[in-house]
Number of protein chains: 2
Amino acid sequence: MDTDIIYKNIRLRGGRITKIRKKIIQILSEMNCLLSHTDILKRLHKLKLYPNRSTIFRELLFLTKNSIVMKSTISNTDYFEIPQDHHHHLICLKCHTITTVDIGNHLQNQEKKLAKQFNYTITNHSLEFYGYCHYCQ
Amino acid sequence: MDTDIIYKNIRLRGGRITKIRKKIIQILSEMNCLLSHTDILKRLHKLKLYPNRSTIFRELLFLTKNSIVMKSTISNTDYFEIPQDHHHHLICLKCHTITTVDIGNHLQNQEKKLAKQFNYTITNHSLEFYGYCHYCQ
DNA sequence: ATATTTGCAAACGTTTTGCATAGTG
DNA sequence: CACTATGCAAAACGTTTGCAAATAT
């Protein structure tokens with residue numbers, strides 16, 4: 001597990017490794033997909049941890065600010081994941097299921113071009129495909 | 001202007017061409033970029049139209065449901081545009097400026113592949129690049 | 001011991017809804 | 001006239017904040 005690297009990183013910045021923080025990182029690391037605050041809360045409930053919802057938000061803000069997790073906003077809800085293998089998402093417009101997909105590193109070159117053209121520092125991108133899944137079409 | 005095609009489309013579905021609806025379509029068509037409810041309301045004010053905010057939301061819902069406009073949610077706010085030339089977005093994480101960019105139709109093939117692989121009907125995709133603009137980096 | 005993290009309650013901004021009224025075709 | 005669109009007020013929803021108490025180092 002490279003969660004240890006994350007813990008070290010947090011300690012270096014003066015952060016503390018609390019029960020809740022540790023579990024949130026573990027959950028995000030193991031799932032390796034986009035999770036909402038509710039998804040995370042539900043998983044914590046299964047582990048007999050019942051933190052306040054604002055704690056989850058604050059935690060996810062902390063992890064985002066420290067570049068440990070990446071945030072994606074999909075129809076008014078924030079989702080979070082730890083960027084491990086780089087991938088994209090397939091989202092059903094009806095049942096809102098999010099499927100993780102891999103289309104390779106096609107966009108690296110585009111990023112470089114755009115950075116030059118617009119004098120931007122590009123840190124990341126998000127690519128979502130929308131449509132109707134097997135069951136909903 | 002191909003807004004006439006849009007009006008026809010709306011009439012066919014039993015919709016009516018009201019002052020506000022007409023102006024919203026014109027604004028979205030002329031701007032050809034992502035606009036929020038507030039952006040649209042401000043533009044309407046300049047034209048001496050003062051509709052209720054809920055009317056804007058209902059209107060944008062109507063136009064989205066009828067596939068006339070496309071919705072993108074960026075950091076918890078919905079933005080809308082009429083898909084004319086296909087393009088993507090460059091978003092500054094600090095000042096939140098949205099720049100329209102064109103990288104060509106790279107993703108058409110990927111869409112087809114994914115549709116087959118996951119048995120999906122893909123209707124569209126959104127690609128956003130995040131980073132820091134010229135002024136904010 | 002001290003700074004960080006947490007729970008709670010309240011505030012905030014965006015979006016949705018119910019219902020009566022106005023406007024379009 | 002019949003049906004759609006609108007204004008208004010209130011509610012819903014996700015998210016943020018202030019403060020006091022708890023906890024990690």
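Note that the structure is predicted; figures quoted are calculated from it, not measured. Chain naming here is simple, since letters A, B, ... match the order of the sequence lines and numbering starts at 1 in each.
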Secondary-structure string, 5' to 3', Watson-Crick or G-U under 3.5 Å, | for another-strand partners, for DNA chain C:
|||||||||||||||||||||||||
Can you check nucleotides 22-25 of chain D for protein contacts, nitrogen or oxygen pairs under 3.5 Å, and list what you find?
residue, atom, partner, partner atom, Å
dA24(D), N3, R16(A), NH1, 2.8
dT25(D), OP1, I17(A), N, 3.2

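For the salt bridge (Lys or Arg N to Asp or Glu O under 4.0 Å) test, residues two or more places apart in sequence or in another chain that qualify with R21(A) are E59(A). Partners of E128(A) by salt bridge (Lys or Arg N to Asp or Glu O under 4.0 Å), not counting sequence neighbours: none found.
Per the geometry, CG belonging to N76(B) stands 13 Å off P belonging to dT16(C), to the nearest Å. Atom NZ in K65(B) sits roughly 14 Å away from atom P in dT4(D) (whole-Å rounding). When the P atom of dT4(C) is taken as reference, atom CD of E59(A) falls 14 Å away, rounded to whole Å. The distance between atom CG of L12(B) and atom P of dG25(C), rounded to the nearest whole Å, is 14 Å.
Remark: K71(B) NZ is packed, more than 12 non-hydrogen atoms of other residues, nucleotides or ligands lying under 6.0 Å away.
Heavy-atom distances to DNA chain D give each of I10(B) and L61(A) a nearest nucleotide, and the one nearer the 5′ end belongs to I10(B).
No donor-acceptor distance shorter than 3.5 angstrom exists from the side chain of N9(B) to the backbone of I6(B), with no hydrogens or angles considered.
Within the structure, ring-ring contact (aromatic ring centres under 6.0 Å, His included) contacts touching residues 24-47 of chain B (residues at least two apart or in different chains) are H37(B)-F57(B), H45(B)-Y50(B).
Between the side chains of H86(B) and Q108(B), no donor-acceptor pair of N or O atoms lies under 3.5 Å.
Heavy-atom distances under 4.0 Å link DNA chain C to H37(B), S54(B), F57(B), R58(B) of residues 36-58 of chain B, given in residue order.
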